[in-house]
Amino acid sequence: MKHDTYECFCCSGAFGSLFAANCEPAGLAVQQAPPVRRRTLLTGAVAAAVAWPAMARAQGAAATVFTGGTVLTVDRRFSQAEAIAIRGNRIVAVGSDAAVRAAAGAQAQVVDLRGRVMLPGFVEPHAHVVAGALVDSLMDHVGMTRFATTALVLEHLKAKARTTPPGQWIMGRNFDPSLQAGPASIGFAELDAVSKEHPVFVLNASGHLAYANRRAFAAAGIPDDVANPQGAEFVRDASGRLSGVMKNNLAFGKLLFANPAVKNADPVKALIGLLGKWGRVGLTTASELALGSLSQSPADWQVMMAAAQSGQLKARIRAYPFYTLGADAWDQAGVKPDDGNALARIVGYKLVADGSNQGFTGLQREPYLNSDDRGLAYMSIEDLKAQAVDRARKGWQLAIHGNGDAAIDNVLTALQAVSDAGVDMSRLRARIEHCSMLHDEQIAKMKSLKVSASFLVGHVHFWGVALRDKVFGSQRVQRLVRARSVEQAGIGYSLHSDFMVTDPNPLHMIQMAVTRRTWQEPQFVLAPGERVSVESAIRAVTAEAAWQLRSEHEIGSLEAGKLADFVILDQDPRRVDPERIKDIAVIETWMDGQQVFSA
């Protein structure tokens, strides 16, 4: 049996193809991305405007003491404190109420936590915020995390149509009919019923399929007899008529760019806007694990620079240049590890060993269920080794995408070559991204090579049933996201959303790791032996994530001298029913000593 396959949309670098005709990324791509050295990201008048408030607060302003609640520091001992004091953008004291008040001074402002709980600001160690922000600014999220059924998606789109001026586009993203109950697909019939006065366009969660109504086809000038582009398809029904379904961006891109908003979207404004929303879930640090995929050039770094220089960013960004551009492109652009500052920084280099397990492109030791297909290697083992050794020797941390077990074999082979080349593996901090299907001997090899794991825990919750029934079978799926086994081996791990694969919600990710219940069958616990403690999962979205991003010296725990990034919750995640952790309310989020969200 041959499955329909698709790549990992985020990690394949496909974002740029969505916006090839957007004038902003296209304009950036023809410019040379200038080198930006560490701590010199903000320059001139903009630097003064942005830096002065923090300097003034740090040097002259009174401290602020938060007390009257629980402070979970997430330090090495997971210490619990009574109070914490900040001055400017730094933490100045953590400990007992009396000690913190004394350190803060008589002029300190005192904030009563009223029994609430403070944690370090949450850290998202694997997302795609630069390109993903542009998609998010244009398309409404209609995926499974919001709507369980296709009927609910269509009702939502109809509601939008009622409040949208005729002629304006209505666009949605992350729709997945394989998981959202309803028909196997949608097209003209369903989307014409949404509106005949608005072009309607819906992007599949895979990024490789899209659906539209007839008004959208007309707006793009697509005739009934349109020819299929090479490698793409305008899907037709049994009678040979267009259905409204499109495969590959070479087909649906024609509709996408008929929307003026897509052509003119501002990636800097979109990035600022996206991170401005994430404070509501307690995130204070985000990441870009495919830098360069938007403009298909090192100019993506300019987008980050511009956002940081605006003084409007409400979360930090840590970025990994993407391998598809070629190492020479990044070297010639002068981009180096640690370029930037505490707000926006280059961290490491991203390589990709395979695709997506649910898309049947993850590289497996054994064929997929009811198939003779084993997936795809995105890089040959020789290329993977060569690039890993080259980047590691030049001081780059390595983040290597590996979903299937055979892909993880290749990743570990490449990292063994790095070790054999004399690179200090402790300093390298190599990460396996997603790290989905793990065997015991691979965990032992990770330990010996000092490799950590970053898990897309949504694979368990959202796709667990599909991976069991359609992809791996009930036995092999038990190897999925082995967080507890990794932890017991003494290996650090983080949890991530892989935005836009899923949208980030750290409290929900904690719950997923603790309970391992699946969305489609809530009573089914996938590999119960891999459940972790609440404290372990909290570390995975704070201290461990910060360590993987080479930022543990400044974020990830609440300790004197670190940056004042924290979140205030209405309940302690350790004290509630694990099934309700995601329902804990985020009351406030603070980044760099400033409140960036208040409920």
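Numbering of residues begins at 1 and proceeds along the displayed sequence. Given the structure is predicted, the values throughout are model-derived calculations rather than measurements.
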Seminar exercise, completed: Which of H126, K350, H401, Q548 passes side-chain hydrogen bond (donor to acceptor under 3.5 Å, both in side chains) with E433? It is H126
Exercise. So, Q180 side chain and D176 main chain: donor-acceptor pair closer than 3.5 Å or not?
Worked result: yes
For this session: Would you indicate whether the side-chain heavy atoms of T284 and W278 approach each other to under 4.5 Å?
Result: no
Problem set entry | Short side-chain to backbone donor-acceptor contact, R516 and L526, under 3.5 Å | yes
For this session: Would you check if the side chain of T361 reaches a backbone N or O of S356 as a donor-acceptor pair within less than 3.5 Å?
Result: yes
For this session: Compute whether any side-chain donor of one residue and acceptor of the other, for S551 and R318, lie under 3.5 angstrom apart.
Result: yes
For this session: Answer whether the closest heavy-atom distance between the side chains of M171 and N259 falls below 4.5 Å.
Result: yes
Exercise. To the nearest 0.5 Å, what is the distance between CE (M512) and NE2 (H459)?
Worked result: 11.5 Å
Exercise. Judged by modelled atom types alone, do H156 and D140 share a side-chain donor-acceptor pair under 3.5 Å?
Worked result: yes
Exercise. For T145 and D503, does a side-chain donor sit closer than 3.5 Å to a side-chain acceptor?
Worked result: no
Exercise. Is any side-chain heavy atom of N505 less than 4.5 Å from a side-chain heavy atom of S497?
Worked result: no
Problem set entry | Straight-line distance of L209 CG to L203 CG, nearest 0.5 Å | 8.5 Å
For this session: Report yes or no: do E124 and S287 form a side-chain donor-acceptor pair below 3.5 Å?
Result: no
For this session: Could you pull out the closest heavy-atom pair between L294 and A131, with the gap in Å?
Result: CB-CB, 3.9 Å
Exercise. Under the salt bridge (Lys or Arg N to Asp or Glu O under 4.0 Å) criterion, do R215 and D192 qualify, and how do the steps go?
Worked result: CA-CA 8 Å; R215 180 67 182 266; D192 283 350; over 6 Å; no
Exercise. Taking the six-membered ring for Trp, are F234 and F252 ring centroids under 6.0 Å apart?
Worked result: no
For this session: Could you tell me whether the side chain of E588 and the main chain of I568 form a donor-acceptor pair under 3.5 Å?
Result: no
Problem set entry | For V567 against P120, the heavy-atom pair lying closest together | CG1-O, 3.6 Å
Exercise. Is there a donor in the side chain of S454 and an acceptor in the side chain of H496, or the other way round, less than 3.5 Å apart?
Worked result: yes
Exercise. Roughly how far, to the nearest 0.5 Å, is NE2 of H128 from CG of D498?
Worked result: 4.0 Å
For this session: Determine whether M246 and H208 make a side-chain contact, defined as any pair of heavy atoms from C-beta on separated by less than 4.5 Å.
Result: no
Problem set entry | Short side-chain to backbone donor-acceptor contact, D354 and N403, under 3.5 Å | yes
Exercise. Is there a donor-acceptor pair closer than 3.5 Å between any side-chain N or O of Q511 and the backbone N or O of E579?
Worked result: yes
Exercise. Taking C-beta and beyond as the side chain, do L343 and I317 meet within less than 4.5 Å on heavy atoms?
Worked result: no
Problem set entry | Under 3.5 Å: donor-acceptor pair, side chain of H141, backbone of R146 | no
For this session: Search all heavy atoms of F499 against all heavy atoms of D136 and return the closest pair with its distance.
Result: CZ-CB, 4.1 Å
Problem set entry | Donor-acceptor side-chain pairing of Y320 and R431 below 3.5 angstrom | yes
Exercise. Say you draw a straight line from CZ of F597 to NZ of K277; how long is it, rounded to the nearest 0.5 Å?
Worked result: 13.0 Å
For this session: Taking all heavy atoms of Y368 and all of G362, pick out the closest pair and write down the distance.
Result: OH-O, 2.5 Å
Exercise. Do the side chain of D300 and the main chain of S293 share a donor and acceptor less than 3.5 angstrom apart?
Worked result: yes
Exercise. For the ring pair Y323 and Y349, is the centre-to-centre distance below 6.0 Å?
Worked result: no
Problem set entry | Between CG on residue L507 and CG on residue L569, distance to nearest 0.5 Å | 5.5 Å
Exercise. Taking the side chain from D570 and the backbone from A585, do they hold a donor-acceptor pair closer than 3.5 Å?
Worked result: yes
Seminar exercise, completed: Separation between NZ (K160) and CD (E155), nearest 0.5 Å, reads 14.5 Å
Exercise. Got a donor-acceptor contact below 3.5 angstrom from the N204 side chain to the A210 backbone?
Worked result: no
